[in-house]
Number of protein chains: 2
Amino acid sequence: MNGNFTPAGVNWPLMSRRRYRQNCALALALDVVGERWTLLLVRELLTGPKRFRDLLANLPGIGTNLLAARLKDLEQAGLIRRGTLPPPAGSAVYELTDTGSALEPSVVALAGWGARYAGSPRKGYAYRANWVAVGMKFAFRPEAARGVQETYEYHIDGEVFHVLVEGGRCEVRQAPAPQPAFRLTSDANTLLQIANGAMPLQKAIDSGALLVEGSRQAFARSLKIFRLPVQL
Amino acid sequence: MNGNFTPAGVNWPLMSRRRYRQNCALALALDVVGERWTLLLVRELLTGPKRFRDLLANLPGIGTNLLAARLKDLEQAGLIRRGTLPPPAGSAVYELTDTGSALEPSVVALAGWGARYAGSPRKGYAYRANWVAVGMKFAFRPEAARGVQETYEYHIDGEVFHVLVEGGRCEVRQAPAPQPAFRLTSDANTLLQIANGAMPLQKAIDSGALLVEGSRQAFARSLKIFRLPVQL
DNA sequence: CGGAATCCTCTTCGATACTG
DNA sequence: CAGTATCGAAGAGGATTCCG
């Protein structure tokens with residue numbers, strides 16, 4: 001049934017997107033980021049610029065056409081921009097603009113609410129180390145981070161990200177850190193069990209399921225800065 | 001014909017509902033509330049229990065079948081429950097459970113982000129006084145509400161809601177207040193213009209577009225408690 | 001009044017194939 | 001590698017009808 005001639009609405013260019021048509025801040029927000037995959041796409045970009053194929057790999061099931069469409073829409077809406085990674089990489093990437101980054105509190109709040117469903121990892125559900133980042137943002141306690149300025153590096157299932165704590169804020173990037181105060185190595189399952197309180201941290205360390213290299217003091221600090229298990 | 005939501009891990013046969021299938025708190029949250037209309041439905045219930053027809057009236061365009069389906073899904077997911085209003089009303093209503101109410105921070109955060117698009121009211125877009133409620137939650141400043149315990153009543157375009165400030169928190173209900181400190185009467189357009197700074201408050205009062213009855217002191221307090229215009 | 005059910009059309013999604 | 005093109009399937013939207 002393609003190639004259909006629009007009966008009456010031909011004059012509306014690109015206005016075929018569904019909108020709520022409500023003068024309400026929430027509805028207007030959802031008009032922009034309420035479609036399927038959009039907020040997950042923002043989640044990916046919250047940990048730094050990403051290439052098309054990286055996004056595709058971290059959004060299993062999206063399909064190339066839909067990803068391309070979302071990227072185009074978000075670019076037009078001013079939430080993301082196309083950029084180029086500094087040499088020697090030089091890859092074409094997508095990154096959040098200020099407007100897009102401003103979605104972080106919303107994403108973190110939603111993830112905080114959804115944490116109640118993340119208690120036990122579901123079979124057949126995908127997992128990426130990157131996705132812990134949003135959880136760490138939620139677990140972050142600014143008052144415990146006063147005066148702390150250091151970087152922690154995490155290796156989960158072979159993927160790497162780091163957290164920069166500085167000035168009472170924290171940033172998460174999907175990349176190795178220059179000089180991390182410690183390096184934590186573990187796997188998704190162990191981490192989830194610790195996060196929801198199903199396994200004591202010490203037990204994971206004793207069994208070798210979780211390894212910490214570097215400053216033990218910094219690691220102890222990090223446990224105060226990121227509250228575990230996550231409170232709902 | 002709607003698939004039921006199963007909180008415990010369940011294999012994927014017969015799943016008619018789309019899910020992201022990601023072990024990520026954000027994705028799991030969106031599996032529950034990410035579908036079209038769902039968060040707007042939660043928004044409606046955040047100001048108190050509502051009947052089917054009230055919801056239908058405040059969600060123009062949803063259609064009875066879709067509203068019924070969403071209500072059923074949310075009830076099974078444990079976000080809402082069917083209730084009965086106390087006598088003499090006795091109507092069958094829907095209300096949020098604790099799990100559903102826990103979405104408030106997420107809804108408020110998203111509305112706060114969407115406020116940047118609400119600057120100028122759009123022609124042809126619907127408006128309900130009720131929708132100001134979410135905005136007021138965002139504009140609420142707890143530190144300015146310390147020690148204040150009073151109720152404000154707002155009449156917008158003939159609709160009524162009130163705000164209860166107490167213990168450093170605020171609640172918004174779509175109902176008249178017992179003994180409001182003041183009663184504000186205005187229309188949607190005037191309010192939007194004031195909220196985004198397009199019109200000074202005093203000018204609206206002078207022109208009669210905005211009427212305040214009752215305690216002027218309480219009104220002055222309320223302006224400190226709810227920051228206007230909304231900062232992004 | 002508060003839905004549930006049906007029918008039909010349109011849009012969006014998801015998967016795969018294809019191209020610069 | 002970064003997307004387009006295509007097409008079947010699922011979801012959304014609107015109207016209407018029926019029921020208790």
Side-chain angles (χ1 to χ4, degrees), chain A residues 1-10 12 14-22 27 30-31 33-41 44 49-75 80 82-85 89-95 126, chain B residues 1-3 5 12 14-22 27 30-31 34-41 44 49-75 80 82-85 88-95 126:
Chain A
M1 296 313 144
N2 280 346
N4 44 6
F5 40 94
T6 36
V10 193
W12 275 26
L14 277 168
M15 280 298 281
S16 64
R17 257 182 67 190
R18 267 200 258 258
R19 283 158 216 233
Y20 290 113
R21 307 198 145 262
Q22 297 185 0
L30 292 174
D31 279 342
V33 297
E35 289 175 287
R36 196 164 162 77
W37 294 109
T38 303
L39 279 180
L40 296 188
L41 184 47
E44 291 303 313
K50 300 275 184 298
R51 289 171 301 179
F52 190 91
R53 71 146 175 269
D54 298 330
L55 297 169
L56 207 59
N58 272 358
L59 299 172
I62 192 179
T64 59
N65 56 345
L66 202 46
L67 177 55
R70 290 286 183 271
L71 286 169
K72 194 180 294 179
D73 285 352
L74 287 183
E75 190 181 1
I80 66 178
R82 290 160 189 267
T84 308
L85 242 41
S91 324
V93 292
Y94 295 90
E95 57 187 349
Chain B
M1 191 74 116
N2 277 314
F5 176 76
W12 56 303
L14 278 177
M15 62 166 255
S16 62
R17 190 166 154 174
R18 276 182 187 146
R19 291 169 208 208
Y20 291 112
R21 308 186 64 78
Q22 296 186 0
L30 292 174
D31 279 342
E35 290 175 287
R36 196 165 161 76
W37 294 110
T38 302
L39 278 181
L40 296 188
L41 184 47
E44 291 303 312
K50 298 278 185 298
R51 288 171 302 179
F52 189 90
R53 71 143 176 264
D54 298 330
L55 297 170
L56 207 57
N58 272 359
L59 299 172
I62 191 178
T64 62
N65 52 353
L66 201 48
L67 176 55
R70 289 286 182 271
L71 286 169
K72 192 183 295 179
D73 285 352
L74 286 183
E75 190 181 1
I80 65 177
R82 291 161 189 265
T84 307
L85 241 42
S91 325
V93 292
Y94 296 89
E95 56 187 351

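It should be emphasised that the depicted structure is a prediction, and the values quoted were computed from it without experimental measurement. All chains are named by letter (A, B, ...) in the order of the sequence lines, taking the proteins before the strands, and each is independently numbered beginning at 1. We use all heavy atoms of the structure for the numbers below, so side chains are in, but hydrogens, waters and symmetry mates are not.
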- Query: To the nearest Å, how far apart are A:R36 CZ and C:dA15 C1'?
  - Reply: 14 Å

- Would you kindly give the CG-to-C1' distance between A:L66 and D:dT4, to the nearest whole Å? 14 Å

- Item | Evaluation steps, side chain to side chain contact (heavy atoms under 4.5 Å, CB included), between A:D73 and A:R17 | CA-CA 10 Å; A:D73 285 352; A:R17 257 182 67 190; 3.9 Å; yes

- Ignoring backbone atoms, test whether B:R18 places a side-chain nitrogen or oxygen under 4.0 Å from the OP1 or OP2 oxygen of C:dG14. yes

- Query: So A:L41 and A:L67, side chain to side chain contact (heavy atoms under 4.5 Å, CB included) or not? Walk me through it.
  - Reply: CA-CA 9 Å; A:L41 184 47; A:L67 177 55; 4.0 Å; yes

- Message: Rounding to an integer number of Å, can you tell me how far A:R19 CZ sits from D:dA12 P?
- Response: 18 Å

- Query: Would you say a side-chain N or O of A:W37 is under 4.0 Å from OP1 or OP2 of C:dG14?
  - Reply: yes

- Task: Walk me through it: do B:F52 and B:L71 pass the test side chain to side chain contact (heavy atoms under 4.5 Å, CB included)?
- Result: CA-CA 9 Å; B:F52 189 90; B:L71 286 169; 3.7 Å; yes

- Inter-residue atom distance B:R51.CZ - B:L56.CG, 0.5 Å rounding: 12.0 Å

- Message: Strictly below 4.0 Å: does A:R70 bring a side-chain N or O up to OP1 or OP2 of C:dC13?
- Response: yes

- If you pin B:A68 and A:P60 to their nearest nucleotides in DNA chain C, which one's is more 5'? B:A68

- Tell me whether the OP1 or OP2 atom of D:dG3 has a side-chain N or O from A:Y94 closer than 4.0 Å. yes

- Rounded to the Å, how far apart are B:L74 CG and C:dG3 P? 14 Å

- OP1, OP2 of C:dG14 versus side-chain N and O of B:R21: anything below 4.0 Å? no

- How many angstroms lie between atom CG of B:D31 and atom CD of B:Q22, to the nearest 0.5 angstrom? 8.5 Å

- Between B:N65 and A:T64, name the one whose nearest nucleotide on DNA chain D is closer to the 5' end. A:T64

- Indicate whether OP1 or OP2 belonging to C:dC1 is found under 4.0 Å from a side-chain N or O atom of B:R53. no

- Note on the structure: A:D54 atom CG is separated from D:dC1 atom P, nearest whole Å, by 9 Å

- Query: When the distance from OH of A:Y20 to C1' of D:dG13 is rounded to whole Å, what number comes out?
  - Reply: 13 Å

- Separation of D:dG3 C1' from A:E75 CD (nearest whole Å): 13 Å

- For B:I62 and C:dG2, give me the distance from atom CD1 to atom C1', rounded to whole Å. 15 Å

